Amino acid sequence: VQLVESGGGSVQAGGSLRLSCAASGFTFDDYAIAWFRQAPGKERVEVSCIQSTDAKTYYLTSVEGRFTISINSAKNTVYLQMNNLKPEDTAVYYCAADKLISYYYCSAWGSSTDFTTWGQGTQVTVSS
């Protein structure tokens with residue numbers, strides 16, 4: 001059971017990246033799948049989340065309108081399309097998933113402790 005992330009990299013401000021999170025050994029049925037990010041010396045923060053049951057989404061206020069989370073259930077993969085990237089988006093981005101047992105997972109109250117399956121992380125660097 002694992003999550004495999006890909007798609008990080010370095011871009012200039014205003015650029016775009018698309019992160020992918022593929023599940024291996026399980027399916028995303030009845031799951032909450034989230035993207036967290038952690039900058040050096042800062043806490044891990046939930047950036048976006050999607051519920052596989054109804055595609056309900058959550059976005060951190062600072063990324064709303066720039067990031068889009070989506071799921072392809074046939075490919076068992078969740079994507080995070082990041083547009084108009086800013087230097088403050090620089091961080092290691094982690095994919096996380098867990099069975100959807102609380103609707104707080106995909107909300108402003110979502111926490112890293114809600115999720116038990118994590119990817120290895122992918123670096124996103126945005127230069128000014």
Side-chain angles (χ1 to χ4, degrees):
V1 174
Q2 61 178 344
L3 297 171
V4 180
E5 300 144 351
S6 60
S10 297
V11 296
Q12 290 192 326
S16 297
L17 286 171
R18 188 177 80 156
L19 305 182
S20 298
C21 172
S24 177
F26 70 107
T27 66
F28 282 145
D29 292 344
D30 303 321
Y31 264 75
I33 308 100
W35 287 96
F36 286 77
R37 70 185 181 190
Q38 188 166 22
K42 295 192 176 181
E43 292 185 352
R44 192 170 294 191
V45 177
E46 185 170 336
V47 174
S48 185
C49 183
I50 188 165
Q51 298 177 175
S52 67
T53 51
D54 57 4
K56 175 189 169 186
T57 58
Y58 159 77
Y59 296 97
L60 185 68
T61 301
S62 61
V63 308
E64 204 152 14
R66 300 188 296 121
F67 290 12
T68 302
I69 192 169
S70 61
I71 184 169
N72 184 324
S73 297
K75 294 186 176 181
N76 224 22
T77 300
V78 167
Y79 304 96
L80 186 67
Q81 177 68 42
M82 305 185 295
N83 297 329
N84 190 23
L85 282 160
K86 303 177 180 181
E88 52 263 41
D89 295 319
T90 295
V92 177
Y93 283 70
Y94 297 90
C95 178
D98 213 318
K99 276 290 190 181
L100 182 61
I101 60 173
S102 170
Y103 292 110
Y104 286 113
Y105 289 3
C106 288
S107 75
W109 294 273
S111 164
S112 60
T113 57
D114 296 329
F115 298 87
T116 57
T117 303
W118 289 81
Q120 77 281 6
T122 185
Q123 177 70 47
V124 171
T125 303
V126 184
S127 58
S128 57

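Fair warning: this is a prediction, and the values are worked out from it, not measured in the lab.
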Mind running side-chain hydrogen bond (donor to acceptor under 3.5 Å, both in side chains) on T116 and D98 for me, showing each step along the way?
CA-CA 6 Å; T116 57; D98 213 318; 2.9 Å; yes
side-chain hydrogen bond (donor to acceptor under 3.5 Å, both in side chains), that's the test. Do N83 and S16 meet it? Break it down for me.
CA-CA 4 Å; N83 297 329; S16 297; 2.9 Å; yes
Ring pair (Phe, Tyr, Trp, His ring centres under 6.0 Å) evaluation trace for Y31 with F26:
CA-CA 11 Å; Y31 264 75; F26 70 107; 5.3 Å; yes
Please test L80 against R18 for side chain to side chain contact (heavy atoms under 4.5 Å, CB included), starting from the C-alpha separation and ending with a verdict.
CA-CA 6 Å; L80 186 67; R18 188 177 80 156; over 6 Å; no
Determine whether L100 and T53 satisfy the following criterion, side chain to side chain contact (heavy atoms under 4.5 Å, CB included), listing intermediate values before the conclusion.
CA-CA 8 Å; L100 182 61; T53 51; 3.5 Å; yes
Pair C95, I33 - check side chain to side chain contact (heavy atoms under 4.5 Å, CB included), show working.
CA-CA 7 Å; C95 178; I33 308 100; 3.9 Å; yes
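Contact record, G8 with L19: N-CD2, 3.6 Å, taken as the closest heavy-atom pair. The shortest non-hydrogen separation linking Y93 to V47 is CE2-CG2, 4.4 Å. Closest non-hydrogen pair, E5 versus T122, comes out as OE1-N, 3.6 Å. The nearest pair of heavy atoms linking K99 to D29 is NZ-O, 3.2 Å. Residues L17 and L85 come closest through the heavy atom pair N-CD1, 3.8 Å.
Between W109 and Y104, the two ring planes are perpendicular [angle over 60°; tilted spans 30° to 60°]. Note on ring orientation: taking the six-membered ring where Trp is involved, the planes of F115 and F36 are perpendicular (angle over 60°, cut-offs 30° and 60°).
Judged by distance alone, the side chains of T77 and N72 never bring a donor and an acceptor atom under 3.5 Å apart. Side-chain polar atoms of T125 and Q123 form a donor-acceptor pair below 3.5 angstrom.
Here the side chain of Y59 pairs a donor or acceptor atom with the backbone of I69 at under 3.5 angstrom.
In this structure, R37 fails the cation-pi test against Y94, since its NZ or CZ atom is not both closer than 6.0 Å to the six-membered ring centre and inside 45 degrees of the ring normal.
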